[in-house]
Amino acid sequence: MPTQNSAMWGQKSNRKLIIGIFGFCLGLFGILCGLFWADLFSWIMQREMALAPNTRVYENWKTPPLDLSLDIYLYNWTNPEDFGNFSTKPILEQVGPYRFTERPDKVDIHWHPENASVSYRRRSLFYFDAEGSTGSLDDKINTLNAVALSAAATAKYWPSHKRTLVDLGLKMYGAEMSVQKSVDELLFTGYSDMMIDVAIAMPIFGDEVKVPFDKFGWFYTRNGSADLTGVFNVFTGADNLSKLGQMHAWNYQENTGFYDSYCGMTNGSAGEFQPQNLKPGDSVGLFTPDMCRTIPLDYAETVDIEGLQGYKFSGGPRSVDNGTRYPENLCYCGGECVPSGVMNISSCRFGSPVFMSYPHFFNGDRYYVDQVEGLSPNQKDHEFYMVVEPKTGIPLEVAARFQVNMLVEPIDGLALYTEIPKVFFPLIWFEQKVRITPEMADQLKVLPIVLLSGQIFAGICLATGLILLCWGPVQNLVSACRNRRYDLKTQTKTNGQYKSRSQFSSAEELKSKASTLVCEKSVKGSPDSSPLLEKSRKPNIIKSQTVESVATASTAISDNKQD
């Protein structure tokens, strides 16, 4: 039958085995968690961030929770009567801002699971913010006559007899180089013009003249309309999160057709999302339907927005170049290459000589600033930039700033446009700036914490597993060392040699040996062993292993004392 000690030893062994197996499994789990936690985190991110109906990301994408502010600045032309005088430059006075609150929405949404994309239109409502504005919508502004200039520019390359008809129409309706209109008319309400009415009523020039609107205004028909900016088709990120929000097609085409070669590609972001895992030195693209092209933004610096580290991508000289400084931009030239600093979007604006730039020709050639008076470009007020959280690609702060300019130049056969200087005339610029709220920033801060926490948890599991795995062997080693130390302490000396407890054959032998040792110690330590008894006869003590021998030896000692 097994003894009690063997049963206890068996229970301890089983417990050590269970602890070792659990430690091995926990350590293995920690290794796997450390290796694949980043992939698991990316998978969770893809499920949470990919665009799909009835998700939180979808709601924020469809109807952004932030009200956007649109600040509009106009240039008041103070000396239009001197335009024909080559010794005098146009003098411009910046007025504004006229602030509008924009509430955007997306409509006509259609999902395309076959290529993981979604189609939609943009619709925005604009409300005038009188408190945030400098001036009212009734302010009068002297500005360039954009309707007459568009008609003249369209007829620039026509045969002489057709240009004569345009010249006759300009004279008949008293068109002048400038007009005076209210801010409200120049922006959203629009104003009527006889040249537009005639072109609509008498389309004598056929398809060569396209009249898209019955009034003119820089934001006419934009308020509440879903047709002006076209149909977007972007990737949802369901198959690849790195494609989230990237353009696939615009107006059902993968090439806008307004620029040659790759310049006409509908690439870049639609604005809400940027590529993930960005690095310093990267570039991002922003597709703008009003220009029918993608604007490249280059990495500028790393900044802090609401406690989040973001990469700032700025619209530098490359984004407003047309091949003068960057040969790869030559396809943006549009048939008439001009100094770097403006973007020719005439083909996108129904043939009107419209050139886009940054406000006050920031990052442009000095040639444009020197053509007029009243401009003072600076980075703080006129830079176009976007700050992006590099891991998720979510914009943290955006300052979209553009300026609309029209090219005024001499045109043969048109009296109004003879003997005038060639000027890229600034008319209006706008700024749309938005910044992430502290509450939204706190939500983004959780993401890197979750990623780091998973890695820390994996390390703790691995360390704990190793400790448990080594617990049994270490405990056995410690027990063996303790037993060895105890055996060394309990060694005894027999016949001049040490004999350990384990060397005795039985408990009776150990007991008799102990009795003998006690007896020896008593004899050696008795008073009779003093030097005074050296001459007397010494008793012969016979060492015995029995109690009877001890008694006999004691009797002999007593007899000796009597003698």
Side-chain angles (χ1 to χ4, degrees), residues 59-77 92-107 121-143 146 180-191 213 215-229 270-272 286 288-290 305-306 315 356 358-360 362 374 376 378-387 395-404 426-441:
E59 293 299 328
N60 291 337
W61 168 79
K62 182 183 182 301
T63 307
L66 302 175
D67 288 339
L68 307 180
S69 293
L70 177 65
D71 289 348
I72 302 174
Y73 299 83
L74 296 167
Y75 291 106
N76 185 43
W77 188 8
L92 305 179
E93 178 188 12
Q94 178 178 290
V95 293
Y98 300 94
R99 177 168 295 176
F100 292 83
T101 299
E102 179 184 0
R103 293 176 183 169
D105 190 16
K106 294 179 177 65
V107 296
R121 295 176 183 269
R122 290 177 176 175
R123 180 177 64 190
S124 293
L125 298 175
F126 294 88
Y127 303 90
F128 180 65
D129 182 3
E131 294 183 358
S133 302
T134 303
S136 70
L137 296 179
D138 296 327
D139 295 344
K140 296 297 182 178
I141 304 294
N142 285 323
T143 186
Q180 186 181 72
K181 301 293 179 180
S182 68
V183 172
D184 188 34
E185 291 175 312
L186 289 172
L187 299 182
F188 288 94
T189 302
Y191 64 90
F213 309 111
K215 292 182 179 182
F216 176 80
W218 295 114
F219 298 93
Y220 181 61
T221 73
R222 189 178 292 268
N223 197 354
S225 173
D227 300 324
L228 192 61
T229 57
E272 293 84 359
L286 181 65
T288 57
D290 292 316
I305 302 294
E306 298 294 345
M356 299 295 292
Y358 296 130
H360 291 234
F362 176 70
S376 179
N378 65 84
Q379 181 178 4
K380 178 183 177 182
D381 298 324
H382 306 138
E383 181 186 27
F384 185 112
Y385 68 88
M386 176 185 298
V387 180
L396 304 178
E397 184 176 82
V398 179
R401 297 160 172 159
F402 282 114
Q403 177 174 287
V404 181
L427 300 174
I428 180 177
W429 73 273
F430 55 88
E431 173 189 44
Q432 194 166 45
K433 191 172 183 179
V434 62
R435 183 185 176 101
I436 192 172
T437 63
E439 293 76 17
M440 296 177 68

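Nothing here was measured: the structure is a model prediction, and the numbers come from that model. All heavy atoms count here, side chains included; hydrogens, waters and symmetry mates do not.
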Compare all side-chain heavy atoms of [X] with those of [Y] and state whether any distance is below 4.5 angstrom.
{"X": "Leu68", "Y": "Pro104", "result": "yes"}
{"X": "Arg222", "Y": "Asp290", "result": "yes"}
{"X": "Gln403", "Y": "Tyr358", "result": "no"}
{"X": "Leu396", "Y": "Glu306", "result": "no"}
{"X": "Trp429", "Y": "Tyr75", "result": "yes"}
{"X": "Phe100", "Y": "Glu102", "result": "no"}

Minimum heavy-atom distance between [X] and [Y], given as atom pair plus value:
{"X": "His360", "Y": "Gly374", "answer": "CE1-O, 4.2 Å"}
{"X": "His382", "Y": "Ser376", "answer": "CE1-O, 3.2 Å"}
{"X": "Pro395", "Y": "Glu272", "answer": "CD-O, 3.2 Å"}
{"X": "Gly271", "Y": "Leu286", "answer": "CA-CD1, 3.6 Å"}
{"X": "Asp129", "Y": "Ser133", "answer": "O-OG, 2.5 Å"}

Partners meeting salt bridge (Lys or Arg N to Asp or Glu O under 4.0 Å) with Asp381 (sequence neighbours left out):
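In terms of salt bridge (Lys or Arg N to Asp or Glu O under 4.0 Å), with neighbours along the sequence ignored, Asp381 is linked to no residue.
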Only one of Asp139, Asp71, Thr134 clears side chain to side chain donor-acceptor pair (under 3.5 Å) with Tyr98; which?
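Going through the options one by one, the only one that passes is Asp139.
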What is the distance from atom [atom1] of [X] to atom [atom2] of [Y], rounded to the nearest 0.5 Å?
{"X": "Ile72", "Y": "Ile428", "atom1": "CD1", "atom2": "CD1", "value": "5.5 Å"}
{"X": "Ser225", "Y": "Phe219", "atom1": "OG", "atom2": "CZ", "value": "14.0 Å"}
{"X": "Leu137", "Y": "Leu187", "atom1": "CG", "atom2": "CG", "value": "7.5 Å"}
{"X": "Gln180", "Y": "Glu185", "atom1": "CD", "atom2": "CD", "value": "10.0 Å"}

Can you tell me if Asp184 and Thr189 form a side-chain donor-acceptor pair at under 3.5 Å?
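Yes, a side-chain donor-acceptor pair sits under 3.5 Å.
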Any donor-acceptor pair under 3.5 Å linking the side-chain atoms of Tyr385 with those of Glu397?
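Per modelled atom types, Glu397 and Tyr385 side chains form a pair under 3.5 Å.
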Quick one: list whatever passes side chain to side chain donor-acceptor pair (under 3.5 Å) with Gln379, sequence neighbours left out.
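In terms of side chain to side chain donor-acceptor pair (under 3.5 Å), with neighbours along the sequence ignored, Gln379 is linked to Glu383.
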Does the side chain to side chain contact (heavy atoms under 4.5 Å, CB included) test come out yes or no for Trp77 and Ile141, once each step is laid out?
CA-CA 8 Å; Trp77 188 8; Ile141 304 294; over 6 Å; no
Counting the benzene-type ring for Trp, do Phe402 and Phe384 have ring centres under 6.0 Å apart?
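Between Phe402 and Phe384, the centre distance is under 6.0 Å.
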Arg401 atom CZ, neighbour heavy-atom count above 12 within 6.0 Å
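Correct, the count exceeds 12.
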Does the pair Phe126 and Phe188 meet the rule for a side chain to side chain contact (heavy atoms under 4.5 Å, CB included), with working shown?
CA-CA 9 Å; Phe126 294 88; Phe188 288 94; 3.7 Å; yes
Tell me which one of Asn223, Asp105, Asp227 satisfies side-chain contact (heavy atoms from CB on, under 4.5 Å) with Arg123.
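Of the listed options, the one satisfying the test is Asp105.
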With sequence neighbours excluded, what pairs up with Phe430 under the ring pair (Phe, Tyr, Trp, His ring centres under 6.0 Å) test?
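By the ring pair (Phe, Tyr, Trp, His ring centres under 6.0 Å) rule, Phe430 matches no residue at all.
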Residues Thr143, Leu74; criterion side chain to side chain contact (heavy atoms under 4.5 Å, CB included); working and verdict
CA-CA 9 Å; Thr143 186; Leu74 296 167; over 6 Å; no
Would Val404 and Met356 count as a side chain to side chain contact (heavy atoms under 4.5 Å, CB included) if you check the C-alpha gap in whole Å, the side-chain angles of each, and the deciding distance to 0.1 Å?
CA-CA 5 Å; Val404 181; Met356 299 295 292; 3.8 Å; yes
